[in-house]
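See below for the structure under consideration.
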Amino acid sequence: WDFTEEGGIKKLEISCNSKWTIRTEQDWVLIKKDSGIGYENVEIEILPSNEKSVTNAELLITSGDIVCEIKVTRDYKRKVYQIGDYYPDETSPIGVVFHTTNNGKSGLVVDFNEFFSYYSYEYYPLGANSINGWENTDLMVARGIQLYPAANYCRKKGDNWYLPSRVELCSLFENANNINEKIANAGGEKISSGLMSSNEANSACFTYISKDGTAKHLDKKVSTSARAILAF
């Protein structure tokens, strides 16, 4: 059984012709009825998490010599972020949150620094046209990441870093004023007037997004400004 950080309730259907018991060692797993005889629907409640890591439990259902085990996993309590927050915190930030989902428990983070690079060393129809830059970057990894220096720079920062899509860049530019202030306060470089996206225009060109949201097609072998983002 897999639960989110909010926990929840499940019904355990027991079909047995004799006595049975249910037990667990975790106090965040509440068993409404821990013993009985014969058929029963038992309600199991998983309490919300206050932990900073995933928690696990076991439910053991025993009847005579028969033991059934249910493994329970509960997700950790996620920090809630707002646009403009330092990630993961103000003490040791690696970037600034510029987009949030799931009520601030997930989102996108932009790196403090820009870099100049080529999109690719080859003209090849990669098919990188997803609104999710992670998927585009994965295509480059599959093709040969050394052929895609901008994406290679991003992935070298860590597995969760990638070259953003045109849609993700538009979201970044929409919040650029607030983001730039936070970047500058952390000693980083403010977002420039335009950035390379991970989207292809065709086999020879990629899509470049200006700060006003307009797009243009540039040769893959032309060096432009780019910036890594991270998904959390």
Side-chain angles (χ1 to χ4, degrees), residues 83-90 92-99 107-124 126 128-232:
I83 293 173
D85 284 349
Y86 288 118
Y87 183 88
D89 51 49
E90 294 187 358
S92 54
I94 59 175
V96 181
V97 177
F98 70 91
H99 178 78
L108 300 174
V109 176
V110 63
D111 190 17
F112 287 129
N113 298 303
E114 287 186 16
F115 62 97
F116 284 85
S117 185
Y118 303 103
Y119 182 92
S120 176
Y121 293 129
E122 66 173 358
Y123 296 133
Y124 177 81
L126 190 66
N129 49 29
S130 174
I131 62 173
N132 185 333
W134 176 270
E135 295 177 0
N136 296 330
T137 305
D138 266 357
L139 289 175
M140 300 173 197
V141 171
R143 172 67 180 168
I145 193 64
Q146 298 300 329
L147 295 170
Y148 297 88
N152 191 27
Y153 173 94
C154 298
R155 278 295 163 87
K156 281 184 175 179
K157 290 180 62 64
D159 290 340
N160 290 333
W161 291 92
Y162 60 93
L163 191 63
S165 72
R166 58 181 298 173
V167 172
E168 290 164 335
L169 284 179
C170 287
S171 177
L172 173 62
F173 287 135
E174 286 176 2
N175 298 290
N177 291 337
N178 183 25
I179 301 303
N180 271 335
E181 181 181 349
K182 292 299 186 74
I183 289 174
N185 289 342
E189 304 170 54
K190 291 185 177 182
I191 300 167
S192 65
S193 58
L195 293 169
M196 175 192 298
S197 83
S198 59
N199 292 106
E200 280 183 318
N202 52 56
S203 61
C205 298
F206 70 90
T207 302
Y208 178 90
I209 304 297
S210 298
K211 201 170 184 178
D212 61 3
T214 58
K216 59 182 177 180
H217 300 164
L218 298 181
D219 191 294
K220 288 181 177 179
K221 296 182 181 180
V222 170
S223 181
T224 61
S225 56
R227 196 177 284 252
I229 69 171
L230 171 144
F232 67 91

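Each residue takes its place number in the sequence, starting with 1.
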Separation between [atom1] of [X] and [atom2] of [Y], rounded to the nearest 0.5 Å:
| X | Y | atom1 | atom2 | result |
| --- | --- | --- | --- | --- |
| Cys205 | His217 | SG | NE2 | 7.5 Å |
| Ser197 | Ile131 | OG | CD1 | 13.0 Å |
| Phe98 | Asn175 | CZ | CG | 8.5 Å |

Assess whether side chain to side chain contact (heavy atoms under 4.5 Å, CB included) is satisfied between Asn132 and Glu168, documenting all intermediate values.
CA-CA 7 Å; Asn132 185 333; Glu168 290 164 335; 4.0 Å; yes
Which pair of non-hydrogen atoms, one from [X] and one from [Y], has the smallest distance, and what is that distance?
| X | Y | result |
| --- | --- | --- |
| Gly133 | Ser198 | CA-OG, 3.5 Å |
| Leu126 | Met140 | CD2-CG, 3.4 Å |
| Ile209 | Cys170 | CG2-SG, 4.1 Å |
| Asn178 | Gly84 | ND2-CA, 3.8 Å |
| Ala128 | Leu139 | CA-CD1, 3.8 Å |
| Ala226 | Leu163 | CB-CD1, 4.3 Å |

Ignoring hydrogens and angles, tell me if any N or O in the side chain of [X] forms a donor-acceptor pair with the backbone of [Y] under 3.5 Å.
| X | Y | result |
| --- | --- | --- |
| Asn177 | Asn180 | no |
| Glu114 | Ser192 | yes |
| Tyr208 | Gly194 | yes |
| Tyr86 | Lys182 | yes |
| Asn199 | Thr207 | no |

Going by the salt bridge (charged side-chain N to carboxylate O under 4.0 Å, His left out) test, which pairs reach into residues 209-226, not counting sequence neighbours?
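For residues 209-226: Glu200-Lys220.
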Does the ring of Tyr148 carry Arg143 above it, NZ/CZ under 6.0 angstrom from centre and within 45° of its axis?
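No, a cation-pi geometry is absent between Arg143 and Tyr148.
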Should Phe173 and Leu195 count as side-chain neighbours, where that means a heavy-atom distance under 4.5 Å?
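Yes, side chains in contact.
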Does a side-chain heavy-atom distance below 4.5 Å link Phe112 with Pro93?
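They are in contact (side-chain heavy atoms under 4.5 Å apart), so the answer is yes.
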With Tyr153, which of Tyr162, Tyr118, Phe115, Tyr119 fulfils ring-ring contact (aromatic ring centres under 6.0 Å, His included)?
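When Tyr162, Tyr118, Phe115, Tyr119 are each tested with Tyr153, the ring-ring contact (aromatic ring centres under 6.0 Å, His included) holds only for Phe115.
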Output all residues satisfying salt bridge (charged side-chain N to carboxylate O under 4.0 Å, His left out) with Lys157, sequence neighbours left out; order by chain, then residue number.
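Lys157 satisfies salt bridge (charged side-chain N to carboxylate O under 4.0 Å, His left out) with Asp111 once adjacent residues are dropped.
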Check step by step if side chain to side chain contact (heavy atoms under 4.5 Å, CB included) holds for Leu169 and Ile229.
CA-CA 9 Å; Leu169 284 179; Ile229 69 171; 5.8 Å; no
Does Arg166 CZ have over 12 foreign heavy atoms under 6.0 Å away?
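12 or below, so no.
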Side chain to side chain contact (heavy atoms under 4.5 Å, CB included), that's the test. Do Glu174 and His99 meet it? Break it down for me.
CA-CA 10 Å; Glu174 286 176 2; His99 178 78; over 6 Å; no
With Ile94 via side-chain contact (heavy atoms from CB on, under 4.5 Å) - residues at least two apart
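Per chain and number, Ile94 pairs via side-chain contact (heavy atoms from CB on, under 4.5 Å) with Tyr87, Pro88, Trp161, Leu230.
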